[in-house]
Novice: 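Got a structure here, written out as structure tokens. Questions coming.
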Amino acid sequence: MDAWKRLGGFIGSHMAFVSPACVVLGVLFPGQLSQIKPAVTALFAFMTFQSSLSNTFSNLARTLRHPTPMVATLALSTVVMPCVAFALATALFGSSPSLVCGIVLEYSVPVAVVSAMWVNMLGGDPSLTLATVLVSTVAAPLTIPLTLHALLGQTVEVDAARMVGEMAVSIALPALAGTALNDATRGRAARELSPAIAPAAKIALVLVILCNSTGVAPYVRALTPRLVAVAAFICAFAACGYALGLAVARAARLPHDRQVSMTYLVGMRNISAGAVIAGEYFPGEVMFPVVIGTLFQQVLAAGFGSLLRRLARGRAATGEPGRGGTAE
């Protein structure tokens, strides 16, 4: 068991290297690794379940009673980021409406489910994270078409029933199951089960990154100077998303656990959902800005994880509170 836990710890502490390695493998071996795709929903569900084992219904109720961090996070991710992305993309790539559309779509999709995994690894607030992911996902069939229509004049009919159903299986039900189990066992699930299955959840994360990376392979192999510029923009703007979430949380003087949550909730997007929408409703070029985010999202997540660990050590040295409950 100790070796198993050390494996999980090794993966978690080396994500800055594991993530880009997975992306490279996904680009090099798309045919083989894309076979993981049928298992992605189950892998997401397992990761969500493991992350939610540290949660309780009382914590979730606290988040809903004091919704300001969640509302601020949703405003940043659902309104601010798409609008700024549209303005910058129009200024830089306005001669290619398909690329502008892809960039806007990239930042119109809901918060990434995998953000809960990063938040859990870095000691964030699981209640704030899971509540925000749930609201963002359930609202996506409404927010995505509205955003695209308002900014681009595009009319897109999203299969709301299918999207909500898939997200219920990968997020809502596993989150409720993990939280209920932790409550029913009076915290034993968080103390014993969660650490025992955490390495498996990290392996699941690696498999998800490998699978998502296969979608970018055709575009990486046919790069043009314009596509390189789009990729550079997506990388820089994605980094700004993480930084924006962290900056707003620190400006609001939120406890460290909520700073962690806001960093990842604003920074990480459900790229898989964006790729599906792009493939179903738009020309092929729209896919590139959406899928290319796979190259950067996990690497940036690992980089900001290192920053947040340093901030946590600084807080510990000064005796500042790290948990929301201790600050209220």
Side-chain angles (χ1 to χ4, degrees), residues 16 19-20 23 72-115 118 132-133 136 140 143-144 147-148 150-152 154 209 212-213 215-216 219-220 223-251 259 261-275 277-278 282 285-308:
S19 294
V23 171
T73 301
L74 290 170
L76 291 172
S77 62
T78 308
V79 180
V80 175
M81 291 292 287
C83 289
V84 176
F86 170 71
L88 293 177
T90 300
L92 296 172
F93 310 109
S95 60
S96 177
S98 291
L99 291 176
V100 173
C101 179
I103 291 170
V104 173
L105 177 60
E106 165 78 354
Y107 293 98
S108 300
V109 297
V111 174
V113 179
V114 77
S115 63
W118 283 98
T132 305
V133 170
S136 174
T143 59
I144 292 174
T147 302
L148 296 177
L151 296 178
L152 302 171
Q154 298 276 356
I209 298 171
N212 284 343
S213 300
V216 80
Y219 305 98
V220 172
L223 285 176
T224 64
R226 178 180 288 253
L227 292 181
V228 171
V230 171
F233 171 82
I234 291 292
C235 180
F237 196 67
C240 290
Y242 290 93
L244 177 62
L246 177 59
V248 170
R250 287 178 67 82
Q259 291 184 23
S261 293
M262 285 191 66
T263 299
Y264 287 99
L265 290 169
V266 178
M268 303 194 80
R269 296 299 170 133
N270 192 332
I271 294 175
S272 298
I277 293 170
F282 294 101
E285 196 176 24
V286 173
M287 178 76 76
F288 179 79
V290 178
V291 179
I292 200 67
T294 307
L295 285 173
F296 313 115
Q297 181 159 269
Q298 299 296 334
V299 177
L300 289 169
F304 275 88
S306 299
L307 172 60
L308 288 163

Novice: Parallel, tilted or perpendicular: which fits the ring planes of Phe304 and Tyr242, with parallel below 30° and perpendicular above 60°?
Specialist: parallel
Novice: Can a donor-acceptor pair be found, under 3.5 Å and without considering hydrogens, that links the side chain of Arg269 to the backbone of Ala112?
Specialist: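 Not a single qualifying donor-acceptor pair exists.
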Novice: Rounded to the nearest 0.5 Å, how far apart are CG of Asn270 and CD1 of Ile144?
Specialist: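 Those atoms lie 8.5 Å apart.
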Novice: Look up atom CD1 in Ile271 and atom CD1 in Ile209, then write down how far apart they are to the nearest 0.5 Å.
Specialist: 10.5 Å
Novice: Please name the pair of heavy atoms, one in Ser108 and one in Leu148, separated by the smallest distance, quoted to 0.1 Å.
Specialist: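 Minimum heavy-atom contact is OG-CD2, 4.3 Å.
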Novice: Nearest heavy-atom pair of Tyr107 and Ala85: which atoms, and what distance?
Specialist: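 Result for this residue pair: CD1-CB, 4.0 Å.
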Novice: Heavy atoms, side chains only, cut-off 4.5 Å: are Leu265 and Ser77 in contact?
Specialist: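 With C-beta onward as the side chain, the pair stays apart.
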Novice: For Ala89 and Ile103, which heavy atoms make the closest approach, and how far apart are they?
Specialist: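 Shortest heavy-atom separation between Ala89 and Ile103 comes out as CB-CD1, 3.7 Å.
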Novice: Looking at every heavy atom in both Gly274 and Leu105, which two are closest together, and how far apart are they?
Specialist: O-CD2, 3.8 Å
Novice: How long is the gap from CZ on Phe233 to CG on Leu92, to the nearest 0.5 Å?
Specialist: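 The CZ atom of Phe233 sits 6.0 Å away from the CG atom of Leu92.
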Novice: What are the two closest non-hydrogen atoms of Ala239 and Leu300, and how far apart are they?
Specialist: N-CD1, 3.6 Å
Novice: What verdict does the side chain to side chain contact (heavy atoms under 4.5 Å, CB included) test give for Leu76 and Met262, after you've listed the backbone C-alpha separation in whole Å, the side-chain angles of each residue and the deciding distance to 0.1 Å?
Specialist: CA-CA 10 Å; Leu76 291 172; Met262 285 191 66; 4.2 Å; yes
Novice: Tell me, do Glu106 and Phe237 make a side-chain contact under 4.5 Å, heavy atoms counted?
Specialist: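 No; the side chains remain at least 4.5 Å from each other.
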Novice: Going through the checks in order, is the side chain to side chain contact (heavy atoms under 4.5 Å, CB included) test met by Phe282 and Ile277?
Specialist: CA-CA 8 Å; Phe282 294 101; Ile277 293 170; 4.2 Å; yes
Novice: At their closest point, which heavy atom of Leu151 faces which heavy atom of Val104, and how far apart are they?
Specialist: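 It is CD1-CG1, 4.0 Å.
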Novice: Just grab all the side chain to side chain donor-acceptor pair (under 3.5 Å) pairs involving residues 95-105, residues at least two apart or on different chains.
Specialist: Ser95-Arg226
Novice: Only one of Val114, Val111, Leu308 clears side-chain contact (heavy atoms from CB on, under 4.5 Å) with Tyr264; which?
Specialist: Leu308
Novice: Please walk me through it: do Leu246 and Val266 pass side chain to side chain contact (heavy atoms under 4.5 Å, CB included)?
Specialist: CA-CA 9 Å; Leu246 177 59; Val266 178; over 6 Å; no
Novice: Sub-3.5 Å donor-acceptor pair from the side chain of Thr147 to the main-chain atoms of Thr143, do we have one?
Specialist: yes
Novice: Output the distance between atom CD1 (Ile292) and atom CG (Leu227), rounded to the nearest 0.5 Å.
Specialist: 8.0 Å
Novice: As an exercise, state the distance from OG1 of Thr90 to CG of Leu152, rounded to the nearest 0.5 Å.
Specialist: 7.5 Å
Novice: Rounded to the nearest 0.5 Å, how far does OG of Ser261 lie from CD of Gln259?
Specialist: 10.0 Å
